[in-house]
There are 2 protein chains.
Amino acid sequence: MIRMTKQTDYGIVLLSRMAGVPERQFNATELATESRLPQPTVSKILKILARAGLLDSHRGVKGGYTLARDPETISVTEVIGALEGPIGITECIDDTPGECSHEARCPVRGNWHRINEAIRQALDGINLAEMAQRPVPPLVSLGGAPAAQNADLG
Amino acid sequence: MIRMTKQTDYGIVLLSRMAGVPERQFNATELATESRLPQPTVSKILKILARAGLLDSHRGVKGGYTLARDPETISVTEVIGALEGPIGITECIDDTPGECSHEARCPVRGNWHRINEAIRQALDGINLAEMAQRPVPPLVSLGGAPAAQNADLG
DNA sequence: CGAAACAGGACCACAGTGGTCCTGTTTCTC
DNA sequence: GAGAAACAGGACCACTGTGGTCCTGTTTCG
């Protein structure tokens with residue numbers, strides 16, 4: 001499975017929640033409680049997002065975080081970029097020579113860019129406003145209808 | 001950065017090389033030498049790919065591996081799936097209930113599927129034959145006429 | 001029968017991640 | 001002005017997973 005770190009996972013969850021009420025200010029404790037995530041972890045993630053410019057921070061007693069921009073203008077790509085660095089899969093994301101010891105004879109170097117670009121574009125097409133929507137009805141309150149045990153993707 | 005393991009990275013490199021001469025048989029030592037990768041690691045990866053049905057293995061002195069199918073019919077999705085499990089980013093890839101402790105209140109659960117699906121489709125559109133092509137001028141001549149550039153993705 | 005190559009594990013060092021904690025600094029309230 | 005609340009910025013640590021090696025079969029060719 002292609003993994004992204006939990007930090008990024010959580011970050012998107014947190015931002016999506018904030019995107020639901022874009023103008024409101026949230027503080028770390030509140031978001032942690034709502035999300036059932038550990039408070040220090042939430043705080044850490046919010047700090048990173050603020051430093052990346054996705055959130056505005058307000059210090060002091062009535063401080064907290066607000067979205068720096070409209071959720072429609074914040075793509076998933078940006079969030080991932082802030083929390084994990086540039087979108088990409090291999091070490092040869094950019095064209096900096098000398099990064100890869102197999103550079104000279106790597107037959108797929110150019111094609112990785114194709115893959116990375118495909119992923120980047122896919123993520124670029126999804127913004128926080130869309131993530132804040134709820135496309136599926138709540139699963140839990142339905143009396144626990146058992147889903148397929150080995151659900152697969154394809 | 002969204003990472004995939006080096007194992008998968010190497011796997012795609014190896015398969016791409018094999019896809020360049022689809023009918024030929026390669027053994028692990030040979031591929032390791034060509035790719036400048038450690039032989040045991042290459043061997044390990046090839047074994048996994050064979051078990052997944054992407055390669056046919058031939059034991060004995062003149063044994064080795066051949067592509068199980070035409071490279072055009074093997075997508076990057078399949079390779080990644082064989083080496084890392086199902087394509088996806090979060091733990092809630094499938095709809096199995098109970099996997100995620102935040103399930104009940106996770107506002108983005110359904111939307112992760114959108115992201116995962118976008119990535120899956122992006123990777124699905126790239127096959128081994130395309131990866132075997134050389135979009136950059138060949139630095140190591142293999143004596144074969146370079147295939148015509150196919151449809152560009154980017 | 002011996003050599004070469006795959007099959008299938010066990011095993012280990014190491015890096016990266018997840019998570020906690022501590023010490024500032026700012027700002028609101030009393 | 002003092003105290004509390006909340007962000008800022010690191011340091012720190014346990015643990016998982018990955019990358020890589022190695023060993024013991026088993027098959028097949030010469």
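Because only heavy atoms are used, hydrogens play no part in the values below, and waters and symmetry mates are left out as well, while side chains stay in. To find a chain, count down the sequence lines: A is the first, B the second, and so on, and within it residues start at 1.
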Using whole Å, what does the distance between atom [atom2] of nucleotide [N] and atom [atom1] of [X] come to?
X: A:Gln25; N: C:dT27; atom1: CD; atom2: P; answer: 13 Å
X: B:Phe26; N: C:dC6; atom1: CZ; atom2: C1'; answer: 17 Å
X: B:Leu55; N: C:dA7; atom1: CG; atom2: C1'; answer: 14 Å
X: A:Ile48; N: C:dT17; atom1: CD1; atom2: P; answer: 11 Å
X: A:Leu31; N: D:dA6; atom1: CG; atom2: P; answer: 12 Å
X: B:Asn27; N: D:dT28; atom1: CG; atom2: P; answer: 17 Å

Across all strands shown, which nucleotide pairs with D:dA8 by Watson-Crick or G-U wobble geometry, both distances under 3.5 Å?
-> C:dT23

Residues forming a side chain to side chain contact (heavy atoms under 4.5 Å, CB included) with [X], sequence neighbours excluded:
X: B:Ala52; result: B:Ala82
X: B:Pro38; result: B:Pro40, B:Thr41
X: A:Ala122; result: B:Ala118
X: B:Lys47; result: B:Ser43, B:Arg51, B:Tyr65

Test salt bridge (Lys or Arg N to Asp or Glu O under 4.0 Å) applied to B:Arg59 - qualifying residues, sequence neighbours left out = none

Who passes salt bridge (Lys or Arg N to Asp or Glu O under 4.0 Å) against A:Asp70, sequence neighbours left out?
->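 None.
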
Which residues within residues 56-65 of chain B lie with some heavy atom under 4.0 Å of an atom in DNA chain D?
-> B:Arg59, B:Gly60, B:Val61, B:Lys62

What residues, two or more places apart in sequence or in another chain, satisfy side-chain hydrogen bond (donor to acceptor under 3.5 Å, both in side chains) together with B:Thr29?
->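 Scan of B:Thr29 (side-chain hydrogen bond (donor to acceptor under 3.5 Å, both in side chains), adjacent residues dropped) gives none.
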
Along nucleotides 15-24 of chain D, 5' to 3', which nucleotides get a B, which get an S, and which get a -, given that the test is a protein heavy-atom distance under 4.0 Å?
-> ---SSBB---

May I ask you to test the A:Leu31-A:Met18 pair for a side-chain heavy-atom distance under 4.5 Å?
-> yes

